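Quick notes on the structure that follows.
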Amino acid sequence: MDWTWFHKFGSPPHVYRLAGLLTPWFAWPAALLILGALYGGLVLAPPDYQQGDGFRIIYVHAPSAWLAVMIYAVMATAAGVGLIWRMKVAHAVAASCAGVGAWFTVVSLLTGMLWGKPMWGTYWVWDPRLTAQLILFFLYLGYMGLRASIDDTSRADRASAVLALVGVVNLPIIRYSVEWWNSIHQAPSVMKMDRPSMPFDMLAPLLAMLLGFTLYFGAVLLIRLRAEILRRERNASWIREELT
Amino acid sequence: MSELTAENIWFYRGDYPVLKALSFALSAGECLQIRGPNGAGKTTLLRVLTGLLQAEEGVVRWQGQATGARDSGFLASLAYLPHQPPLKAELTGAENVHFAVGLRRRCTPQDVRAALRRVGAGAFADRPVRSLSAGQRRRVAFAALHLDTARLWLLDEPTTNLDAEGQSMVCELLEQHLAGGGLAVAATHQPLALSAGRLVALELSGVGE
Amino acid sequence: MSAPGVFRVAAWVVQRDLRLATRRPSQVLQPLAFFAVVTLLFPLGYTPELAKLRAIAPGVLWVAALLASMLALESLFREDAEDGTLEQFVVSGQPLTLLLFAKTATHWLMTGLPLTLMAPLVGGALGVPFAALGGILSALVLGTISLSLIGAVGAGLTLASRRGGVLLSLLTLPLAVPVLIFGARATELAIAGDSLTGPLYLLGAVAVLGVTLAPLAAAAAVRIGLE
């Protein structure tokens with residue numbers, strides 16, 4: 001088998017250039033999808049028969065919540081690749097993921113609280129999804145805290161990679177335990193659109209939003225990755241050539 | 001025939017190369033003395049040889065086989081004595097030796113006593129290490145080394161803190177180890193009084209760029 | 001040469017750590033005293049009425065146990081890393097996973113087990129009925145095993161950073177959430193006099209997963225920490 005493609009992915013200059021080329025291919029579709037979905041979701045979609053216009057926050061909340069979890073999985077995968085194949089670029093990917101993931105977690109928590117106010121009359125209820133999201137936020141904080149506390153980049157990369165892998169094994173258990181805990185304590189959970197079928201003009205903008213947010217994450221990841229590579233390779237000769 | 005070889009070892013701390021294209025070969029009965037100013041990478045080299053640190057490039061071979069951090073066969077044939085003797089302050093010298101050696105081979109309390117007497121630590125073997133001087137601690141550490149059956153000794157500053165009698169004791173142990181077909185790598189500034197032909201010198205220059 | 005078998009070596013590590021504990025008993029006793037003091041604060045800070053205390057007893061017991069075992073973790077690997085013992089573990093040629101598992105098991109013997117045994121005393125002070133103690137003890141045994149194992153990963157990871165302390169708690173506490181949930185639920189059921197097999201199974205499953213994976217992760221973390 002030909003492994004040159006694999007080694008190319010391990011080479012910082014190659015990844016740096018590739019990321020630069022790919023960024024617009026993520027950024028533009030993301031912008032168009034998000035704008036279109038905003039129009040579809042906020043203007044075209046009918047108000048919900050129970051929640052009125054309040055339900056519209058789902059168009060920001062659901063994609064953020066989905067990304068918060070997905071980014072952790074991407075981060076752990078990159079960390080695992082970096083750990084197993086000693087690939088520095090993979091560690092740079094993991095490092096670039098953490099901040100974005102944490103922010104999406106914050107956005108999903110805040111939008112969840114804004115949604116909760118009209119539904120429950122209070123900003124915070126121990127809803128299982130919000131609770132799991134809050135724990136996820138602390139997992140991100142721990143990951144970033146560990147990374148920041150180790151001076152040597154290579155050690156920081158590998159130690160945080162071990163933590164990300166432990167976290168990703170734990171994440172399903174944590175989510176399960178929180179669901180289980182909620183099923184016992186019967187906290188209210190309005191945050192499910194659990195009607196049999198959502199009308200198409202409500203659903204379509206949501207799907208477009210999910211795709212748009214995911215592409216947006218791709219674009220941000222590529223930009224952050226380029227910055228991260230520049231920071232790590234600041235003394236390498238190829239950077240001088242690249243930037244002159 | 002060379003049993004321990006290092007080929008083109010590169011090791012970086014951040015962007016700074018600590019070890020640059022370092023190579024050597026060592027045969028049974030020889031001691032490699034690593035010299036060089038502070039920060040030249042003497043300890044780093046020893047730790048690369050143990051596998052505690054992984055070199056960016058290059059390979060260390062033991063009896064022709066490339067070694068790694070999880071190579072239990074290679075690890076079982078090496079003993080590493082770091083700059084600070086790895087002793088527990090709360091345990092006595094005898095307990096320390098017994099537990100340290102017990103990780104690697106079976107040994108009886110009598111063996112431990114005999115080894116402690118051999119290195120001149122018999123008198124303080126039952127005092128907690130906390131109350132011992134730096135030189136006394138080093139002697140206790142050498143008792144563990146003496147009991148070990150490792151063929152390759154990696155010693156970081158082995159004679160530091162030792163009085164004249166202690167230094168010659170270390171040289172005697174080393175001579176005896178080499179005469180029995182062992183190998184050693186010692187990082188030290190002090191001259192090692194070994195018989196002719198045993199000593200191979202490696203000078204680390206340090207400051208690069 | 002007669003190399004010792006792996007189980008003999010593991011027993012050797014346990015023996016060494018137990019001997020060390022007898023030389024500095026305060027390190028073992030302090031987390032236990034902490035456990036007792038924290039639970040004592042609740043009657044003082046909330047209410048002395050046993051009926052009300054009984055309602056919050058599961059949460060109080062488990063949060064206090066979690067914090068106490070967190071406190072004891074600081075000493076699990078750090079001293080051994082500083083005095084060179086862990087380096088000798090790595091170069092001993094014995095499987096590091098097993099040696100660290102032995103250390104973690106000893107740590108549990110000196111924190112998790114005594115915490116569990118203190119539960120009747122502390123539980124009694126919180127109005128837990130005598131009949132519930134059997135269930136609470138079994139939940140605590142399983143739960144503290146998991147806590148020690150999760151903690152070992154955290155303690156290994158923080159070796160590479162100069163300061164452990166708060167960071168260690170930040171890493172470990174979110175991972176311990178399932179143990180807290182299942183443990184507190186088991187305790188609640190035990191107090192109510194109901195069957196607690198459900199949460200006990202879940203606690204057992206977490207402990208089995210921990211025994212399988214945590215020593216591997218801890219070994220990887222310790223190798224990185226020692227560089």
Side-chain angles (χ1 to χ4, degrees), chain B residues 11 13 43-44 46-55 67-92 94-96 98-108 128-130 137 141 144-145 147-154 156, chain C residues 1-28 75 77-103 106 110 159-160 216 219-227:
Chain B
F11 185 86
R13 277 271 175 228
T43 300
T44 305
L46 285 177
R47 287 168 60 86
V48 167
L49 293 176
T50 59
L52 283 165
L53 293 178
Q54 290 222 320
T67 64
R70 286 140 213 245
D71 182 346
S72 59
F74 170 62
L75 291 174
S77 47
L78 80 77
Y80 172 51
L81 181 54
H83 178 54
Q84 272 215 337
L87 302 172
K88 279 280 163 207
E90 288 86 356
L91 299 180
T92 68
E95 285 170 328
N96 263 299
H98 201 187
F99 280 118
V101 178
L103 273 184
R104 302 170 56 97
R105 55 165 293 210
R106 290 163 197 272
C107 72
T108 64
V129 163
R130 162 193 314 293
R137 290 180 194 203
L145 193 65
L147 273 180
D148 207 305
T149 49
R151 286 205 47 221
L152 173 61
W153 286 5
L154 303 173
D156 201 349
Chain C
M1 203 44 168
S2 57
V6 284
F7 292 105
R8 202 187 141 81
V9 170
W12 201 241
V13 172
V14 173
Q15 209 182 325
R16 191 198 73 132
D17 278 14
L18 287 177
R19 173 99 44 107
L20 268 173
T22 61
R23 299 286 157 83
R24 41 180 187 209
S26 67
Q27 225 172 38
V28 177
S75 62
F77 292 144
R78 194 162 280 277
E79 281 172 29
D80 279 356
E82 276 163 7
D83 65 23
T85 306
L86 283 183
E87 264 181 12
Q88 294 297 319
F89 277 14
V90 176
V91 301
S92 70
Q94 305 288 351
L96 184 61
T97 315
L98 182 85
L99 298 180
L100 298 185
F101 181 70
K103 269 196 78 67
T106 320
M110 293 182 301
L159 281 184
L216 289 173
V222 163
R223 278 180 202 277
I224 297 162
L226 288 181
E227 273 185 17

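Lettering of chains follows the sequences in order, A, B, ..., and the numbering in each one begins at 1. None of these values were measured; they are calculated from a predicted model.
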Discussion item. As an exercise, state the distance from CZ of B:Arg47 to CG of C:Leu226, rounded to the nearest 0.5 Å.
Written reply: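 It comes to 7.0 Å.
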
Fill in: B:Glu95 to C:Arg19 - nearest heavy-atom pair and separation
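Closest heavy-atom pair between B:Glu95 and C:Arg19: OE2-NH1, 2.6 Å.
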
Worksheet item: What is the minimum heavy-atom distance between B:Phe99 and C:Trp12, and which atoms define it?
Response: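 It is O-NE1, 3.0 Å.
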
Worksheet item: What part of B:Pro128 is in contact with chain C, defined as an atom under 4.5 angstrom from a non-hydrogen atom: side chain, backbone, both or neither?
Response: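 Answer is neither: B:Pro128 stays 4.5 Å or more from chain C.
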
Worksheet item: With a 4.5 angstrom heavy-atom cut-off, which part of B:Leu154 approaches chain C: side chain, backbone, both or neither?
Response: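 Neither the backbone nor the side chain of B:Leu154 comes within 4.5 Å of chain C.
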
Worksheet item: Would one find more than 12 heavy atoms of other residues, nucleotides or ligands at under 6.0 Å from atom CD of B:Gln84?
Response: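 Incorrect, the count does not exceed 12.
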
[Y] and [X], any side-chain heavy atoms less than 4.5 Å apart:
X: B:Arg104; Y: C:Val9; answer: no
X: C:Glu87; Y: B:Pro86; answer: no
X: B:Lys88; Y: C:Arg23; answer: no
X: B:Leu103; Y: C:Val13; answer: yes

Discussion item. If I measure from the heavy atoms of chain B, does C:Arg16 come under 4.5 Å with its side chain, its backbone, both, or neither?
Written reply: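 Contact with chain B: backbone and side chain both.
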
Worksheet item: With a 4.5 angstrom heavy-atom cut-off, which part of C:Leu96 approaches chain B: side chain, backbone, both or neither?
Response: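 Neither part.
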
